[in-house]
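Read through the structure below, which is laid out as structure tokens, and then see the notes.
Everything quoted here is computed from the prediction, not taken from an experiment. Order of the sequence lines fixes the chain letters, A, B, ..., with proteins taken first and strands second; residue numbering starts at 1 for each chain.
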Protein chains: 2
Amino acid sequence: MPSESELSDELGVSRATVRTALAKLAANGLILRKQGDGTYVNAHVREASAHFGNLWDLVQLIEGNGYKPSIKLVSVSKRRATEKEVLALALETGEEVVCLRRLFYADDQPVILADNAIPLSLLKEPLEDIDGNLHIRDIFQRYFHQKISLAITEIRSTVLGADAGQRLGVESGKSILQLQVTLYGRNNLPLAVGTNIFNDAILRLSLVQAWV
Amino acid sequence: MPSESELSDELGVSRATVRTALAKLAANGLILRKQGDGTYVNAHVREASAHFGNLWDLVQLIEGNGYKPSIKLVSVSKRRATEKEVLALALETGEEVVCLRRLFYADDQPVILADNAIPLSLLKEPLEDIDGNLHIRDIFQRYFHQKISLAITEIRSTVLGADAGQRLGVESGKSILQLQVTLYGRNNLPLAVGTNIFNDAILRLSLVQAWV
DNA sequence: AAGTGGTCTAGACCACGGC
DNA sequence: CCGTGGTCTAGACCACTTG
């Protein structure tokens, strides 16, 4: 790529401005910077599906694999929080959670079964209004009036159960990926916990890391 | 945290300098920045094991789980590259690769079985000299005179084979994580492909993503 | 309204890599 | 040696959040 000074001349901005822009690209692994040498575009990025560590953004994950993503709501309900959920979501025992079960498709093929539990106390709109086909980001914005600011994803290997197997159209008993996600809001409080059963026979889960 | 202006005053540096420092922390999810509000330390980071997307750095991964890491060389040899390796490493058919098989321990418990294949043509020192207990970064620096600049890791779920099961002290047939890593050098050419069998019953593989 | 982080300028010097 | 990116300064204004 052109050097920083060339870019700042051509674009009519200061070098500092060019640098902050390039820094963002570099942070996502899109370009590689080498002191004393130059800046290069990262030709290997296309090989990865989750460029920016967006493990929790299932829509992007499917797109990154070159498929057209779509979401289908399986069920929405409310129930008492389990002990695990009480712990993870910082609830009082006996509090209720909203349960979203959704199925993600890649080109009309089911690939991810996503279960989410969200504290009922955060819900700002009627439960029945929830449009389960939306992006999780928009669901939180619209019905919970919350913004997601942090996600922690734990990746596990597990054996596919009968129920999930049927939903995904895969014989149960197979080895499959499980992404356990905890989402946090702007106030640093937990918004949701989720379990995503991920058919890694169809979708690749690959990450880039650019070295300093 | 103190505001940028406070920090720049206290530390006697310009605000721009403070900003670049904070930007690095934010990129790794260690702090959260909110325009119009302030900068906050991310208390949830400690829940993650691989903060910086370092999926290929197994030593850091083990440390992140709170264990003391150690490496034991199982075998080092050379052989013809497989077809897959020819493709992934951009070799000619029939070229040879150096094969490193290593076992990673967490507090003296085997947790990761790592197989690496590196083009023999890159080797700059005698094969026998290789110290398999070193960090992969140092192995490349010392014996191949190469620096790792990019890594792409693909995460899969698989069934544990008999051989790997024995090495890891786990009964074979279990569901387990497989990390397939491709390392690239400064010149953007592939340095190595690796398959890491990862016992996720002991080690957690968790990642943070800070939202913008 | 006051304070925060986000963006930007126009300079300067340093550390590194390739030739 | 020269050009590259890395670091740094001392200002300025804007966008946003909170009280």
NZ/NE/NH1/NH2 to OD/OE distance under 4.0 Å, [X] and [Y]:
| X | Y | value |
| --- | --- | --- |
| B/Glu85 | B/Arg79 | yes |
| A/Arg101 | A/Asp115 | yes |
| B/Asp129 | B/Lys124 | no |
| B/Glu4 | B/Arg33 | yes |

**Reported CZ-to-CG distance for the pair A/Phe144 and A/Asp138, which is rounded to 0.5 angstrom** =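 Answer rounded to 0.5 Å: 13.0 Å.
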
**Asked** In Å, rounded to the nearest 0.5 Å, how long is the span from OG1 of A/Thr153 to CD of B/Gln209?
**Response**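 These two atoms lie 8.0 Å from each other.
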
**Message:** Reading DNA chain D from 5' to 3', where do the contacts with chain A start and stop? Cut-off is 4.0 Å to heavy atoms.
**Reply:** D/dG3 to D/dT7

**Message:** Expressed as a whole number of angstroms, how long is the span from B/Leu25:CG to C/dG5:P?
**Reply:**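 Rounding to the nearest Å, CG of B/Leu25 and P of C/dG5 are 13 Å apart.
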
**Message:** What is the distance, to the nearest angstrom, from the CG atom on B/Leu7 to the P atom on C/dT4?
**Reply:** 11 Å

**Asked** Could you give the angle between the helix axes at the two ends of the helix from C/dA1-D/dT18 to C/dG18-D/dC1, with five pairs per end, rounded to 10 degrees?
**Response** 20°

**Prompt:** If you look at every strand shown and take non-hydrogen atoms under 4.0 Å, does A/Thr39 touch a base, only sugar-phosphate, or nothing?
**Reply:** sugar-phosphate

**Message:** With nearest nucleotide decided by heavy atoms, which residue, A/Asp37 or A/Ala16, maps closer to the 5′ end of DNA chain D?
**Reply:**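 Upstream on the strand: A/Asp37.
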
**Prompt:** Toward the 5' end of DNA chain D, which comes first, B/Lys24 or B/Lys34, by nearest nucleotide?
**Reply:**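 By nearest-heavy-atom nucleotide position, the 5'-most residue is B/Lys24.
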
**No-hydrogen, no-angle side-chain donor-acceptor test under 3.5 Å, A/Ser8 and A/Ser14** = no

**Message:** Go nucleotide by nucleotide along DNA chain C from the 5' end; which of A/Thr20 and A/Arg15 gets its closest nucleotide reached first?
**Reply:** A/Thr20

**Listed partners of A/Tyr184 passing ring pair (Phe, Tyr, Trp, His ring centres under 6.0 Å), at least two apart** = B/His44

